[in-house]
Structures are given as structure tokens and as C-alpha cells.
A.B. asks: 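Quick one: the structure is below, and I'll ask about it shortly.
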Amino acid sequence: HHSPTAETQATSDEGLRHYAKTNGWFRLQAAGNADPKNRTKADGSPWDPYDIPEGKRATLSSWVTARGTRVGPCYSYWDSTTFVPGVTWVTVKNKTEKGDHWLRDYILVTSTYRTQGLGASVRLNDGRVEAANDLNFVICQLVKRPKKKKVKSTPVSWETMFKELKEYKRVHGTCKVPQKNGKLGTWVKNQRSAKRGPKQGTDRYNLLDGIGFWD
């Protein structure tokens with residue numbers, strides 16, 4: 001026997017997985033309590049998505065961005081067939097950004113329609129969510145998060161680092177390079193450590209000796 005909460009979570013999870021797979025647009029409750037038995041907006045007032053007439057249009061009034069550009073008004077419309085119940089935009093947004101939930105593999109895109117293309121349908125104002133409308137829903141899409149490519153560092157040859165050391169000495173008058181000085185500092189430390197070791201061949205030892213490295 002599953003609790004109502006578990007059943008609600010399973011239903012919302014199934015809906016989100018469907019839209020993640022199909023890359024389709026869907027609707028979410030913006031904020032508040034998404035429990036079907038006690039749905040409320042962020043301010044605590046009751047909210048029932050199934051009381052909203054199909055196709056009902058709702059607007060987010062315009063605001064000024066940091067650059068001084070006026071944005072909006074934007075509008076969205078209601079479609080109960082694409083509504084994912086039991087979860088809010090705030091919850092989904094958090095799961096795409098924190099923790100180890102499967103939603104971490106996705107970016108939550110939130111949009112509404114306006115005269116020229118797409119605009120934001122929800123925004124954060126001092127930590128509070130302002131829905132695109134007093135109907136309290138937003139239009140979303142789950143987009144697969146690009147995988148970070150591992151950058152392979154190309155090994156730098158001993159001869160290249162030796163040239164860098166000679167240039168460093170020409171400028172600074174010493175071969176004592178601080179470790180904090182990036183790759184060269186690390187390389188110099190490694191040369192000193194290898195002074196008596198098998199990695200330091202006679203030729204390299206003599207080259208370093210020739211610029212006063214061991215002084």
C-alpha cells in the first residue's frame with residue numbers, strides 16, 4: 001500500500017520523465033503546495049488547476065532588467081493535458097541544480113509566448129517566485145544537460161620548460177622559481193628532486209648546471 005504522498009511523487013515523476021524523454025513543453029504549478037488534496041499558491045491561498053478554463057490566457061506584467069531594458073508583458077495559456085501534477089516549478093528547478101536526483105541531468109527551461117518570440121514566464125524576486133500570472137502556472141521544458149568535456153592537458157617537453165627557465169633567469173637573474181609560478185615552478189621543483197635520481201640524465205644535469213641551476 002502506497003501513501004498518497006508516494007503515489008503523488010510517482011505520478012509527477014512519471015510525467016516529468018515523459019517530457020524529459022520527448023523534449024516536449026509541459027505545465028507546472030509555479031510555487032506553493034502541490035499536494036492534490038491541499039493545493040495552495042505561494043501565499044497560502046487555495047489553487048485548483050482543473051478550475052482553469054482550457055486555453056485561458058494569463059500575463060506577466062513588464063519589468064526593467066539590470067541593463068534598463070523593459071521586458072514583457074509576456075503571456076501563457078492553460079492546457080490541462082500537459083499539466084504535471086504533484087510538484088512545483090520551485091521543486092523541479094532545485095532538483096535540476098542540486099543533489100543526485102535524475103533531474104540533475106537536465107536543465108529546466110521556463111518560457112511563455114509573447115509577440116516577439118519567447119520570454120520568461122517566471123522570475124525570482126528577492127528569493128520569492130513570481131508566477132507569470134495569478135493563475136499560478138508556468139510552461140516548461142526539460143533539456144538534456146551537455147556533458148562537460150574533460151580537457152586533456154598536453155604534456156610539455158623537457159626542452160620547452162628548459163627554454164622557459166632560461167628566459168626566467170634572463171629576466172629575474174635567478175633559477176629559483178617559486179612553486180606558485182605555475183608549471184615552471186612545479187617543473188623546477190621536480191628537477192631539484194630528481195638531481196640524484198635516475199630521471200635526471202647526465203645531459204640534462206649538465207644543461208641545468210650550465211645556467212647555474214645548482215648554484
A.B. asks: In this structure, which one of F137, W78, W89 forms a ring-ring contact (aromatic ring centres under 6.0 Å, His included) with F83?
C.D. replies: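 Considering F137, W78, W89, a ring-ring contact (aromatic ring centres under 6.0 Å, His included) with F83 is found only for W78.
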A.B. asks: Out of curiosity, S45 OG to N136 CG, how far, rounded to the nearest 0.5 Å?
C.D. replies: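 That separation rounds to 7.5 Å.
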A.B. asks: Applying ring pair (Phe, Tyr, Trp, His ring centres under 6.0 Å), run through W25 and Y19 and close with a yes or a no.
C.D. replies: CA-CA 7 Å; W25 292 92; Y19 287 108; over 10 Å; no
A.B. asks: So does N33 get a backbone contact from the side chain of R39, meaning a donor-acceptor N/O pair under 3.5 Å?
C.D. replies: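 Here the side-chain-to-backbone pair does not exist.
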A.B. asks: Rounded to the nearest 0.5 Å, how far does CG of L16 lie from NE2 of H101?
C.D. replies: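 If I round to the nearest 0.5 Å, the distance is 8.0 Å.
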A.B. asks: What class does the angle between the rings of W158 and F162 fall in, given that below 30° is parallel, 30 to 60° is tilted and above 60° is perpendicular?
C.D. replies: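 Geometry flag for F162 against W158: parallel rings.
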A.B. asks: If only atom types and distance count, is the side chain of T160 paired as donor or acceptor with the main-chain N or O of V156 below 3.5 Å?
C.D. replies: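 Side chain of T160 to backbone of V156: no pair is present.
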A.B. asks: Testing the basics here: between M161 and L184, what is the closest heavy-atom pair and its distance to 0.1 Å?
C.D. replies: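 Residues M161 and L184, closest heavy atoms: CE-CA, 3.6 Å.
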A.B. asks: If you count every heavy atom of other residues, nucleotides or ligands that lies below 6.0 Å from D100 atom CG, does the total exceed 12?
C.D. replies: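 Count not over threshold, so no.
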A.B. asks: Less than 4.5 Å apart, any side-chain heavy atom of V92 and any of S12?
C.D. replies: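 Counting from C-beta outward, V92 and S12 never come under 4.5 Å.
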A.B. asks: Does E54 use its side chain to pair, donor to acceptor, with the backbone of S80 at less than 3.5 Å?
C.D. replies: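 The answer is yes, because a donor-acceptor pair under 3.5 Å joins these two groups.
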A.B. asks: Calculate, to the nearest 0.5 Å, the distance between atoms CG and NZ belonging to L103 and K93 respectively.
C.D. replies: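 Between L103 CG and K93 NZ, I get 12.0 Å after rounding to 0.5 Å.
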A.B. asks: Please test N181 against Y168 for side-chain contact (heavy atoms from CB on, under 4.5 Å), starting from the C-alpha separation and ending with a verdict.
C.D. replies: CA-CA 11 Å; N181 198 299; Y168 183 91; 3.8 Å; yes
A.B. asks: Which residues satisfy the side-chain hydrogen bond (donor to acceptor under 3.5 Å, both in side chains) test with T186, sequence neighbours excluded?
C.D. replies: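 Residues passing side-chain hydrogen bond (donor to acceptor under 3.5 Å, both in side chains) with T186: none at all.
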A.B. asks: Does NZ or CZ of K56 fall inside the cone over Y77's six-membered ring, less than 6.0 Å from its centre and within 45° of the axis?
C.D. replies: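 Judged by the rule, K56 and Y77 form no cation-pi pair.
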A.B. asks: Could you tell me whether K163 and E159 have a side-chain N and a carboxylate O separated by less than 4.0 Å?
C.D. replies: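 No, K163 and E159 are not salt-bridged.
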A.B. asks: How long is the gap from CG on D105 to CZ on R145, to the nearest 0.5 Å?
C.D. replies: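 Separation between the atoms: 8.0 Å.
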A.B. asks: Take F213 and R192 through the test side-chain contact (heavy atoms from CB on, under 4.5 Å) and record every step on the way to the result.
C.D. replies: CA-CA 9 Å; F213 185 79; R192 295 193 186 282; 3.7 Å; yes
A.B. asks: State the CG-CD distance between L208 and Q191, to the nearest 0.5 angstrom.
C.D. replies: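 Interatomic distance, L208 CG to Q191 CD, rounded to 0.5 Å: 6.0 Å.
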A.B. asks: Do Q29 side-chain atoms and V87 backbone N/O form a donor-acceptor pair below 3.5 Å?
C.D. replies: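 Such a contact is absent between Q29 side chain and V87 backbone.
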A.B. asks: Between Y205 and W214, is the ring pair (Phe, Tyr, Trp, His ring centres under 6.0 Å) condition met? List the steps.
C.D. replies: CA-CA 9 Å; Y205 181 92; W214 310 112; 5.0 Å; yes
A.B. asks: So, does R104 use its side chain to make a donor-acceptor pair with the main chain of K95 at under 3.5 Å?
C.D. replies: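 It does not hold such a pair.
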A.B. asks: Do other residues, nucleotides or ligands put more than 12 heavy atoms under 6.0 Å from E167 CD?
C.D. replies: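 More than 12 within 6.0 Å, yes.
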A.B. asks: Among L207, V171, I211, whose side chain to side chain contact (heavy atoms under 4.5 Å, CB included) with K166 holds?
C.D. replies: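 Among the candidates, only I211 passes.
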A.B. asks: Out of curiosity, does I52 fall in the hydrophobic cluster containing Y50 (side-chain heavy atoms, cut-off under 4.5 Å, transitive links)?
C.D. replies: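 Y50 and I52: one cluster.
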A.B. asks: Between the side chains of R17 and D13, is the shortest nitrogen-to-carboxylate-oxygen separation below 4.0 Å, so that they form an ion pair?
C.D. replies: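 Salt bridge flag = yes for R17 with D13.
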A.B. asks: Any side-chain heavy atom of P85 within less than 4.5 Å of one from T8?
C.D. replies: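 Not in contact.
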